[in-house]
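Since we're looking at a predicted model, the values are computed, not measured. Numbers here simply count residues along the sequence, with the first being 1.
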Amino acid sequence: MNHLSVARPALTALAAIAALMSLTAPVLAGPARPARAASTATLPPASAAFPGVIELDVDATDIAHKVFQVRQRLPLADARPITLLYPQWQAASHAPSGQVGRVAGLVVQVDGKTVPWTRDPAHPHAFRIQPPRGATSLSLSFQYLSPRAGNRAMGRHIVNVGWSNLLLYPAGYDREQIWLAASVRLPEGLQPATPLATELASDGRLRFAPVRLPVLMDTPLIAGRYTRQEALSDRADQPVQLHVFANDPADLVAAPDRALAFRRSIAQVQQLFGDRARSPFHVLLALDDRMGGPGGIEHRHVTELFLPEDYLRAPDSNLRNLDLALHEYLHSWNGTQFQPADMRVRHYNEPLQNSLLWVYEGLTQYLGKVTAARGGLRAHDEALDDLAIDAALAQSQASHQWKSLRDSVHDPLTLSGKGIEWSDFTGKKNYYGDGALLWLAVDVEIRARSGGRKSLDDFVRLFFSPRQGGEDATQFYTEADVHRALQRVQPGDWKRFLDERLDATDAGWLLDGLKRAGYALVYTEEPTPTFTQDARDRGVEDHLFSLGLAVDAGGAVRAVQWGGPAFQAGLAPGARLRQVNGAPYSPQALQAAVRAAKPLQLRLDQDGAPLEIELASPGLRYPRLQRVGDHAALDAILRPLPVSAGGGASGR
């Protein structure tokens, strides 16, 4: 989930666009317009290998200023011009999230003498250099100015070394054939965790054997002062190791029932995909949501998770984030090993295509919820309550009046980081929530057509089976591959089934799978524990499904539902609620007034002026799922798969 995703994020695509190599092309001029540089041309053959190994050294000790010091040395074959690229499309990102604006102090030298560089005018992530005659290597240094607050990479007790922020790489070479030998100096007392093999040098640096650029980019390192390790799966063929980092040692220890549920849920993921040998997987869990959380970043053999400090020790907290670790672990199949074909690229400055995010993220979101329930990370009722929130949000979103699920795959490019207030009208990243409801509908359809003999589990095991190159080889798939795999599991017109839902511009289909699975979305006066905790985590009194607004403890209106009662009365996010029916505002006063199901008189400040409005209250309305009928397919879907004592398959 890039997410920061949670989440944020996986990496490749067939977007054959003109790239960045001939950045010394001649200037084009004409009488009708100013001259401008032509800065793109066809890439050299993909088989081109960079001559030699790039040395990369990172100093991560300046935690006071939160600045990384970076040094690199690149061998040169000749004195031809070279272009160095800062990664624009980082590992696990669905958008060009590279922070080139945080790169400062760039100095390039040959034989101790500074040589000039110029930034490409059309591509600010590209730096052009003309080495002097006779140069055999190039040295460069720069600083990466890590955020000091929010999404920070450096703290007193935890440091996140994200390699994609901390290097430049040469243009014109296949990224699979660029090799780097990295090293890092960490603050004193911090212990590192990374899948990369490390050795401690005499100068105090951690050194890594040379690896290909994609391996380094996809293998983060987190170091912490207070750490704990634990095996989440001790299967010899699919080991999973948890590494926890905290600012307080008390946050390291999980409640016993949660620790056991984690292990059982990991086993359910492994059972879902079937027995196959896989490289060790590492979960790097930083209990500090100032580091970009709550959310996670997927990688091939590791995930980074950033969650609140009490995530492990408080079992009743963070209920909406319980399946985040499973979501990212599932991405080690769907997203990093098995990738949409239009995410296949040759370098990190070539745009990705996101057309299959409803598979990449939507299917992963659904499977994360299912395996969390199967393993007990969520109790059955908690799983239903979690789905009830998803269903209510989907049903109430005004975006469904104009925007399809298929169109939502463009949101990382159009909406990420834009801070647009009306997220329910823009439908930001619906490929997560709506995508999960889509795959629930697919699951129910397979079960109905097969008389209960087949399920989405059969599709998962078939679709994510290696087709060529061995168990660990990267595989690429298309939408047609999805249709064919569904057809093999259970015959039917799956293209039509999916197209009708992916291209719909109404919310009618969203709850169809839920209804056919034996549950109806209803609203009651009492919130579920999951709804209450979710509102508490967001710091609001949530009345979106009654008044169409959410307010924090101080009266600040944090959200207004597009087209809802508060919207119709002229209210907008950012207003401050002062009085409820003539009494000073408090969350308790607002809840009591809504419960009375009588018109509310609200006094607010909005845009620097007082505002008085009246809202009709339908009473308290909180979403929950209600079972209908004697048999519910959803209960069967959430039932644990049998797992043998050794962790292997023991039948369906």
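- Listed here is the closest heavy atom pair of Pro308 and Asp289: CG-OD2, 3.6 Å.
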*asked:* Apply ring pair (Phe, Tyr, Trp, His ring centres under 6.0 Å) to residues Trp494 and Phe459 and explain how you reach the verdict.
replied: CA-CA 13 Å; Trp494 287 104; Phe459 167 80; 8.7 Å; no
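- One finds the OG1 atom of Thr528 at 10.0 Å from the CG atom of Leu384 (value rounded to the nearest 0.5 Å).
- No cation-pi contact links Arg621 to Phe545, judged by a cut-off of 6.0 Å to the six-membered ring centre and 45° from its axis.
- Arg278 and Gln337 are linked by a side-chain donor-acceptor pair at a separation below 3.5 angstrom, with hydrogens and angles left out of the test.
- Of the candidates Leu242, Leu322, Leu312, Leu312 is the only one forming a side chain to side chain contact (heavy atoms under 4.5 Å, CB included) with Phe262.
- Residues Leu377 and Arg258 approach most closely at CD1-O, 4.3 Å, considering heavy atoms.
- Looking only at side-chain heavy atoms (C-beta outward), Pro573 and Trp422 come within less than 4.5 Å of each other.
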_Met217 vs His299, side chain to side chain contact (heavy atoms under 4.5 Å, CB included): CA-CA, chis, key distance, verdict_ = CA-CA 9 Å; Met217 289 276 285; His299 302 280; over 6 Å; no
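- Using cut-offs of 30° and 60° on the angle between ring planes, the pair Phe425 and Trp402 is perpendicular.
- Nearest heavy-atom pair, Tyr348 versus Pro214, reported as atom, atom and distance to 0.1 Å: OH-CA, 3.1 Å.
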*Tell me, with the steps shown, if Arg374 and Leu272 meet side chain to side chain contact (heavy atoms under 4.5 Å, CB included).*
CA-CA 10 Å; Arg374 290 176 176 176; Leu272 176 65; 4.0 Å; yes
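- Residue-environment remark: CZ (Arg595) exceeds the threshold of 12 foreign heavy atoms within 6.0 Å.
- Atom NE2 in His400 sits 7.5 Å away from atom CG in Leu405 (nearest 0.5 Å).
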*Where do Val359 and Tyr431 land on the side chain to side chain contact (heavy atoms under 4.5 Å, CB included) test, with the steps shown first?*
CA-CA 8 Å; Val359 183; Tyr431 48 78; over 6 Å; no
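- With contacts defined as side-chain heavy-atom distances shorter than 4.5 Å, the pair Gln270/Val240 qualifies.
- Using a 4.0 Å cut-off between charged nitrogen and carboxylate oxygen, Asp534 and Arg538 count as a salt-bridge pair.
- A salt bridge between Asp434 and Arg501 is absent, with no side-chain N of the basic residue lying under 4.0 Å from a carboxylate O of the acidic one.
- Ionic pairing of Arg447 and Asp443 is present here: one or more N-O contacts between side-chain nitrogen and carboxylate oxygen are shorter than 4.0 angstrom.
- Electrostatic pairing of Arg624 and Glu526 does not count as a salt bridge here, judged by no charged N lying under 4.0 Å from a carboxylate O.
- Rounding to the nearest 0.5 Å places CZ of Phe476 at 13.0 Å from CG of Leu356.
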*Quick one: do Trp439 and Tyr366 satisfy ring pair (Phe, Tyr, Trp, His ring centres under 6.0 Å)? Show the steps, please.*
CA-CA 7 Å; Trp439 286 100; Tyr366 175 69; 8.0 Å; no
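- Under a 3.5 Å cut-off, the side chain of Arg320 and the backbone N or O of Phe531 do not form any donor-acceptor pair.
- Taking both residues in full, the closest heavy atoms of Leu305 and Ala325 are given as CD1-CB, 3.6 Å, listed atom of the first, atom of the second, then distance.
- Donor-acceptor pairing under 3.5 Å is recorded for the side chains of Glu361 and His327.
- Remark: side-chain polar atoms of Gln238 are not paired, donor with acceptor, to backbone N or O of Ala277 under 3.5 angstrom.
- For the atom pair Asp385 CG and Leu319 CG, the distance stands at 9.0 Å (nearest 0.5 Å).
- Listed by first and then second residue, the side chain to side chain donor-acceptor pair (under 3.5 Å) pairs involving residues 476-486 are Asn334-Tyr477, Arg406-Glu479, Thr478-Asp481, Asp481-Arg484 (not counting sequence neighbours).
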*Any chance you could lay out the side-chain hydrogen bond (donor to acceptor under 3.5 Å, both in side chains) test for Gln353 and Ser355, step after step, and finish with the verdict?*
CA-CA 6 Å; Gln353 305 294 310; Ser355 67; over 6 Å; no
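- Taking OG1 of Thr371 as the start and CG of Leu638 as the end, the distance is 10.5 Å to the nearest 0.5 Å.
- Annotation: side chain of Gln591 is in contact with side chain of Leu620 (closest heavy-atom distance under 4.5 Å).
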*Where do Leu415 and Lys429 land on the side chain to side chain contact (heavy atoms under 4.5 Å, CB included) test, with the steps shown first?*
CA-CA 8 Å; Leu415 294 175; Lys429 298 184 179 179; over 6 Å; no
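- Side-chain contact check for His301 and Asp218: no donor-acceptor pair (N or O, by modelled atom type) lies under 3.5 Å.
- Between Arg627 and Ala632, the shortest heavy-atom contact is NH2-N, 3.7 Å.
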*Before giving the answer on salt bridge (Lys or Arg N to Asp or Glu O under 4.0 Å), spell out for Arg453 and Asp458 the whole-Å C-alpha distance, their side-chain angles and the decisive distance to 0.1 Å.*
CA-CA 10 Å; Arg453 294 184 300 275; Asp458 298 284; over 6 Å; no
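- Within the 4.5 Å cutoff, the side chain of Asp424 has no heavy atoms near those of the Leu544 side chain.
- Relative ring orientation between His543 and Tyr622 is described as tilted, the plane-to-plane angle lying within the 30° to 60° band.
- The main-chain N or O of Pro220 is never found under 3.5 Å from a side-chain atom of Glu304 such that the two would form a donor-acceptor pair.
- Under a 3.5 Å cut-off, the side chain of Arg263 and the backbone N or O of Asp234 do not form any donor-acceptor pair.
- Enclosure of atom NZ in Lys403 by more than 12 non-hydrogen atoms of other residues, nucleotides or ligands within 6.0 angstrom is indicated.
- The line from CG of Leu232 to CD of Gln241 is 7.5 Å long, rounded to the nearest 0.5 Å.
- Checking each of Tyr329, Trp333, Phe463 against Phe273 for a ring pair (Phe, Tyr, Trp, His ring centres under 6.0 Å) leaves exactly one that passes, namely Trp333.
- Taking the side chain as every heavy atom from C-beta outward, Leu357 and Pro412 approach each other to under 4.5 Å.
- In this structure the side chain of Leu438 reaches within 4.5 angstrom of the side chain of Leu502, judged on heavy atoms.
- When all heavy atoms of Gly539 and Asp552 are compared, the pair lying nearest together is O-CB, 3.2 Å.
- Between Phe464 and Phe338, the ring planes are perpendicular. Angles over 60° get that label, and only those under 30° would be called parallel.
- Remark: side-chain polar atoms of Asn318 are not paired, donor with acceptor, to backbone N or O of Asn321 under 3.5 angstrom.
- The 12-atom threshold is not exceeded at CZ of Arg264, counting heavy atoms of other residues, nucleotides or ligands nearer than 6.0 Å.
- Glu445 is listed as a side-chain neighbour of Phe497, based on a closest heavy-atom distance under 4.5 Å.
- Proximity of Val442 to Leu363: side-chain heavy atoms (C-beta onward) are nowhere separated by under 4.5 Å.
- A donor-acceptor pair under 3.5 Å is absent between the side-chain atoms of Asp390 and the main chain of Leu437, judged by distance alone.
- A side-chain donor-acceptor contact under 3.5 Å links Ser617 to the backbone of Val594.
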